[in-house]
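Worksheet: one structure, shown below.
Both ligands and their constituent atoms are indexed starting at 1 by order of listing. All values reported here derive from a predicted model rather than from experimental measurement.
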Amino acid sequence: MPETFDVKLEKKTYRPDPTYLEGSSMGDWETAYGRFMDDPEGFWAGIAGELEWFRKWDRVKEWKHPYARWFTGAKLNITHNCLDRHAAGDRRNKVALIWRGEEEGTERMYTYRQLHRMVMRFANALKKMGIKKGDTVCIYMPLVPEQIVAILACARIGAVHSIVYGGFGAAALHTRIRDAKAKIVITADVGYRRGKRVPLKTIVDEAVINASSVEKVIVLRRAKPLLELISEMEVDFDEVMEGMAPVCEPEVMDAEDPLFILYTSGTTGTPKGIVHTCGGYMVGTYYTSKYVFDLKENDIYWCTADPGWITGHSYIVYGPLAAGATVLITETVPDYPDPGTWWRIVEEFGVTIFYTAPTAIRMFMRFGEEWPGRYNLNSLRILGSVGEPLNPEAFEWYYSVIGKSACPILDTWWQTETGMHMIATLVGEPMKPGFAGRPIPGVVVDVVDREGNPVPPGIGGLLVIKEPWPSMMRTVHGNDERYRTYWNTIDACYTAGDLAVRDEDGYIMVLGRSDDIIIVAGHNLGTAEVESALVSHEAVAEAAVIGKPDPVKGQAVKAFVILRLGFEPGEKLKQDLIYHVRMGLGPIAMPSEIEFVTSLPKTRSGKIMRRVLKAKEMGMDPGDISTLED
Ligand code: PRX
């Protein structure tokens, strides 16, 4: 962990048109934050009261460091709030989901009523296959409506879902299936990406070998001719739904029952299965969707993430649906068949709220203004960003070229572990390029030194959260010790693992990770997982990876590799190793550079000092190297 350090702060401020603040559901930050501080529990109870519960809570919060329970005693089902609540009322025929496939003209729409019925049919199918409350279901699918149906059907019957991003390879999927002890894997034959088929089912075939918990694999068959299903284990998605009644009473869940597990990278060992629960997560994602995005009844809301990441869980599925929004999803990538694809979609569907990642914005900057310039983007109202720091250059471009200097830029800082937005500049408030903003009402953050003392403005330190919040993770699946570390590193605070600095107005600039997590194109990678993938190759004795700055992806993976005796370094071997990582973990984890070395810097206790490698790579001072072995 670094000492505190000075940071030169940008001074520019943009002020959105006053109508944004006048029309916002949250109102101004000072008043809303004050309302929260005056009565924190009353604040959250007020939000929770906007949703429907089968039984109300006895207490809003119970906190016994480091364990929180929210809305204790309450009973609910999140899908009741995402579906039944709307399907029974004025939103029955409102479009809940718009899907756009890769090929022009492939699109599907579902009203709340239709989505509700489909979810109930699939929920009945899962039940018939023996899945019940508390069982784990792994979802490994492309971004199609059936994925959303599968997710909600699990929640409907109280099964815990574990979604694995379709870009992950067989080894990564295998680890996650085993750790979660998934009983069912739901997949598709293929995903479509850049005009090619991604053979998801083939990856599942390999991933379920030696995963004895898996009883069935449900396959959505998209390609023609239909993929043949072979083993006893395999069943067709549409067939299992056939004849299922579109009525399935929601399982009555306790507020603290688990809703899902989602794996995120750790700095050591296997990925961490972050556990979120039903009640608090529902309240947190509903609140931020409605009040931070300031969702209005007629918004067409598009979050470009994938449900395989927390952004997709919270801001494609649960939050916006709980708030009754029209949600657009698409299987397209930004630059296929051409770099105008996403802007064409904005124009075609009249998207009003657009939520993406800085890496995408930087990619668009490289393609040039002419691409968005070809389309009418006037429907856009709010532009969101998430996943890594939105650097001032990207902010300026997003603001002027996409938002025509009229849309607020909503840079949201949060994590898989936090479940919901934590820091953002509320719609209508002054915006400062480079700064995510202030903690949203409901959240208490600070920037501190290693001892936990707050540091003054302009001095960088560690970002911590000082009070529990409803949608916080409850544990790390099967490893509570790892959960406790978040709350025990700095006394009584949640340590986010990020470095940050605050300005005089309390705006927070997030600078990046303070640990060995690498963020490539907004995807969180643990050095440990990439290193083990390298070491699993017969030629590799030892490996260390670091993140190197990359103009588009934010960071790129560079690997240092020590070869086993008998193996010769060379270009061919480099390509083999890159391919090996790609097959195991998927394209996102592929090193962009490999260097063969004969030793790695280590501490006396044998830990690789990636910080030293990184400093050397970037021609910087490695800092304190007193613990270096050699
Ligand atoms: O380093 C921060 C960065 O992404 C990390 C969390 O990654 P993950 O759990 O995968 O969740 C990503 C989507 C919420 C954080 O610790 N990060 C996320 N959003 C921002 C950010 N860094 C700076 N600014 C952001 N807006």
Quiz item: Tyr315 pairs by ring pair (Phe, Tyr, Trp, His ring centres under 6.0 Å) with which of Tyr301, Trp302, Trp414?
Solution: Trp414
Side chain, backbone, both or neither: which part of [X] has a heavy atom under 4.0 Å from ligand 1?
X: Thr412; value: backbone
X: His523; value: neither
X: Val510; value: side chain
X: Glu388; value: backbone
X: Ala436; value: neither

Self-check item: Protein contact of atom 2 (C) of ligand 1 - nearest heavy atom, named by residue and atom, plus distance
Solution: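 For this ligand atom, the closest protein heavy atom is Asp498 OD2, 2.9 Å.
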Practice problem: Could you tell me the residue and atom name of the protein heavy atom closest to atom 9 (O) of ligand 1, and the distance to it rounded to 0.1 Å? | Solution: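 Nearest protein contact, heavy atoms only, for atom 9 (O) of ligand 1 is Thr416 OG1, 2.6 Å.
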Quiz prompt | Contact atoms of ligand 1, heavy-atom distance to Pro389 under 4.0 Å | solution = 22 (N), 23 (C), 24 (N)
Quiz prompt | Lys/Arg N to Asp/Glu carboxylate O, Lys553 vs Glu388, below 4.0 Å | solution = no
Practice problem: Answer yes or no: is there an ion pair linking Glu481 with Arg484, defined by an N-O contact shorter than 4.0 Å? | Solution: yes
Quiz prompt | Greater than 12 external heavy atoms within 6.0 Å of Asp491's CG | solution =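 No, because the 6.0 Å sphere around CG of Asp491 holds 12 heavy atoms or fewer from other groups.
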Exercise. Give the single entry among Thr264, Leu463, Asn524, Asp411 that approaches atom 7 (O) of ligand 1 most closely by any heavy atom.
Key: Asn524
Exercise. Using heavy-atom distances, let me know which of Ala305, Ala496, Gly387 sits nearest atom 19 (N) of ligand 1.
Key: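 Residue with the shortest heavy-atom distance to the ligand atom: Gly387.
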Exercise. Determine which pairs satisfy salt bridge (charged side-chain N to carboxylate O under 4.0 Å, His left out) with at least one residue from residues 393-407, sequence neighbours left out, and list them in order.
Key: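 Output for this query lists Lys12-Glu396.
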Quiz prompt | Under the salt bridge (charged side-chain N to carboxylate O under 4.0 Å, His left out) test, residues paired with Glu417 that sit two or more places apart | solution =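 Glu417: no salt bridge (charged side-chain N to carboxylate O under 4.0 Å, His left out) contacts found.
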Practice problem: Answer yes or no for Arg176 and Phe168: cation-pi contact, defined as NZ/CZ to six-membered ring centre under 6.0 Å and angle to ring axis within 45°. | Solution: yes
Practice problem: Check the side chains of Tyr494 and Gln415 for a donor-acceptor pair under 3.5 angstrom, ignoring hydrogens and angles. | Solution: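 Note: Gln415 and Tyr494 side chains meet the donor-acceptor criterion.
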Exercise. Would you check the N or O atoms of Thr311, main chain and side chain alike, for any that come under 3.5 Å of an N or O of ligand 1?
Key: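 N/O-N/O distance below 3.5 Å does not exist for this pair.
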